[in-house]
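Okay, structure first, notes after.
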Amino acid sequence: MPTTLLQSNLPGLNLIHRGKVRDVYALSAQELLIVASDRLSAFDVILPDPIPGKGEMLCQISNFWFAKTAHLVPNHLTGKDVASVLPVGIDANLYTQRSVITKRLKPVPVEAIARGYLIGSGWKDYQATGALCGITLPAGLRQAEKLPEPIFTPSTKATIGDHDENVDFDRVVATIGADLAEQVRDATLKIYTFAAEYAAARGILIADTKFEFGTDEAGKLYVMDEMLTPDSSRFWPADEYRVGISPPSYDKQFVRDYLETLDWNKTAPGPKLPQSVIDGTAAKYAEALKRLAGIELD
């Protein structure tokens with residue numbers, strides 16, 4: 001059975017960051033231990049209920065994609081054994097499938113988003129302005145319509161409780177410099193294009209996805225954190241895709257759609273989820289893991 005972990009507790013290890021989903025520990029000046037919890041955030045608010053097994057599924061699908069795309073862009077994984085760094089007395093079974101040992105990198109302060117379809121905040125921006133992140137799009141596009149080609153639509157990196165803001169490429173250049181901005185854009189679109197083709201052959205459309213990048217001491221760019229997970233992507237079953245609606249999805253859009261039915265102002269604290277939504281979310285994540293990576297967690 002998948003394990004459930006709302007918050008990690010590793011006495012003796014140096015916790016340096018507790019994010020929306022991941023807890024990050026410093027192992028040394030060069031390496032980190034990253035633990036994917038079962039926390040779920042929606043609209044940038046951490047919800048009170050864990051999704052059992054979610055962290056394990058996120059970690060396993062990320063590891064699959066990191067391996068699958070290593071020939072395109074280097075990633076932060078070291079390949080070292082997680083059990084070897086856990087404190088004495090900690091149940092390794094709780095952590096080994098949801099944790100990785102990684103290179104310690106300098107995060108690039110940009111949310112690197114690739115979009116192949118017009119949905120979510122991109123659809124809202126297009127309706128208002130006819131453009132997305134400074135990119136003018138053809139007139140008359142409908143909700144969930146496939147774009148003429150994938151586009152890079154970056155956003156700011158919000159702190160917990162704040163909302164990301166879509167920005168144009170010039171804002172990214174001003175933030176991190178032209179050379180690094182171009183590297184991030186190129187890497188984002190290269191990975192997305194590869195992954196979208198791979199997923200389409202397995203009956204899943206990747207509508208959009210978000211990447212995190214970091215640099216080492218030499219300035220080399222790596223993709224890090226998570227990759228092409230149901231938390232960071234919209235996965236649509238190809239056989240249920242229709243233009244003009246928000247299609248069914250193997251991701252947390254299922255939770256967002258439920259939350260949109262509530263009288264909630266999308267600020268903390270988040271509302272509790274009914275068991276049917278918790279179970280349904282776990283099932284969607286498991287289906288994505290099975291269909292994309294061929295992995296079933298026992």
Side-chain angles (χ1 to χ4, degrees), residues 1-3 5 19 21-24 31-40 51-83 92-103 105 112-114 116 150 187-214 221-238 249-254 281-298:
M1 292 289 292
T3 61
L5 182 72
V21 174
R22 286 164 184 78
D23 298 339
V24 182
E31 293 182 341
L32 301 171
L33 174 67
I34 301 179
V35 181
S37 75
D38 295 327
R39 297 190 293 272
L40 179 69
I51 307 297
K54 172 176 171 283
E56 293 186 353
M57 291 187 277
L58 293 181
C59 189
Q60 295 305 306
I61 200 167
S62 286
N63 290 350
F64 167 80
W65 285 116
F66 282 132
K68 205 78 177 169
T69 61
H71 66 291
L72 300 174
V73 179
N75 62 67
H76 68 165
L77 296 184
T78 65
K80 294 185 178 180
D81 179 39
V82 168
N93 291 328
L94 187 55
Y95 286 93
T96 51
Q97 291 204 89
R98 65 171 71 246
S99 309
V100 286
I101 298 173
T102 74
K103 297 178 178 68
L105 303 169
I113 300 169
T188 297
L189 293 174
K190 187 183 296 184
I191 297 171
Y192 173 79
T193 300
F194 172 87
E197 182 178 336
Y198 178 91
R202 287 150 184 82
I204 290 181
L205 305 179
I206 304 179
D208 53 42
T209 194
K210 176 179 67 178
F211 299 110
E212 306 275 357
F213 290 94
L221 187 71
Y222 295 81
V223 62
M224 64 178 206
D225 192 49
E226 65 179 320
M227 178 184 272
L228 293 155
T229 72
D231 265 15
S232 64
S233 317
R234 285 185 176 88
F235 295 141
W236 294 340
S249 57
Y250 297 125
D251 53 57
K252 65 179 179 181
Q253 189 62 39
F254 181 73
T281 302
K284 286 179 177 291
Y285 278 53
E287 183 67 15
L289 181 64
K290 180 181 177 181
R291 292 185 65 168
L292 290 171
I295 296 173
E296 293 185 68
L297 295 179
D298 296 329

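Each of I295, V100, L58 was checked for a side-chain contact (heavy atoms from CB on, under 4.5 Å) with N63, and the lone residue meeting it is V100. A side-chain contact (heavy atoms from CB on, under 4.5 Å) with F235 holds for exactly one of T229, L292, T209; it is L292.
Atom CZ of R98 is separated from atom CD of E56 by 5.0 Å, given to the nearest 0.5 angstrom. Residue D81 holds its CG atom at 8.5 Å from OG1 of T96, rounded to the nearest 0.5 Å. Atoms CG and NZ, from D251 and K284 in turn, are 8.0 Å apart once rounded to the nearest 0.5 Å. Atom-to-atom distance recorded for M227:CE and I191:CD1 is 4.0 Å, nearest 0.5 angstrom. Here the CD-NZ distance, from E226 to K210, works out to 6.5 Å after rounding to the nearest 0.5 Å. In this structure, CZ on F66 lies 11.5 Å from CD1 on I61, to the nearest 0.5 angstrom.
Minimum heavy-atom separation, R22 to D225: CD-OD1, 3.3 Å. Residues F213 and L221 share a closest heavy-atom pair of CB-CD1, 3.7 Å. Closest approach of K54 to D231, counting heavy atoms only: NZ-OD2, 2.8 Å. Taking all atoms of both residues into account, the shortest heavy-atom contact from R291 to P237 is NH1-CB, 4.4 Å. Nearest heavy atom pair, residue K68 against residue Y198, reads CE-CE1, 3.3 Å. In this structure, A288 and P230 approach most closely via the heavy-atom pair CB-CG, 4.1 Å.
Within the 3.5 Å criterion, the main-chain N or O of V223 finds no donor-acceptor partner in the side chain of N75. Looking at T102, its side chain never comes within 3.5 Å of a backbone N or O of L77 through a donor-acceptor pair.
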- Message: side-chain contact (heavy atoms from CB on, under 4.5 Å), that's the test. Do L289 and E296 meet it? Break it down for me.
- Response: CA-CA 7 Å; L289 181 64; E296 293 185 68; over 6 Å; no
- Task: Output, in order, the C-alpha distance, side-chain angles, deciding distance and verdict of side-chain contact (heavy atoms from CB on, under 4.5 Å) for Y285 and I51.
- Result: CA-CA 10 Å; Y285 278 53; I51 307 297; 5.9 Å; no
- Test log, rule side-chain contact (heavy atoms from CB on, under 4.5 Å), inputs E287 and I204: CA-CA 11 Å; E287 183 67 15; I204 290 181; over 6 Å; no
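Counting heavy atoms from C-beta on, the side chains of I34 and M224 never come closer than 4.5 Å. Side-chain contact between E212 and L105: absent, with no pair of heavy atoms (C-beta onward) separated by less than 4.5 Å.
A salt bridge links R234 to D208: at least one charged side-chain nitrogen sits closer than 4.0 Å to a carboxylate oxygen.
Around NZ of K290, the count of heavy atoms belonging to other residues, nucleotides or ligands within 6.0 Å does not exceed 12.
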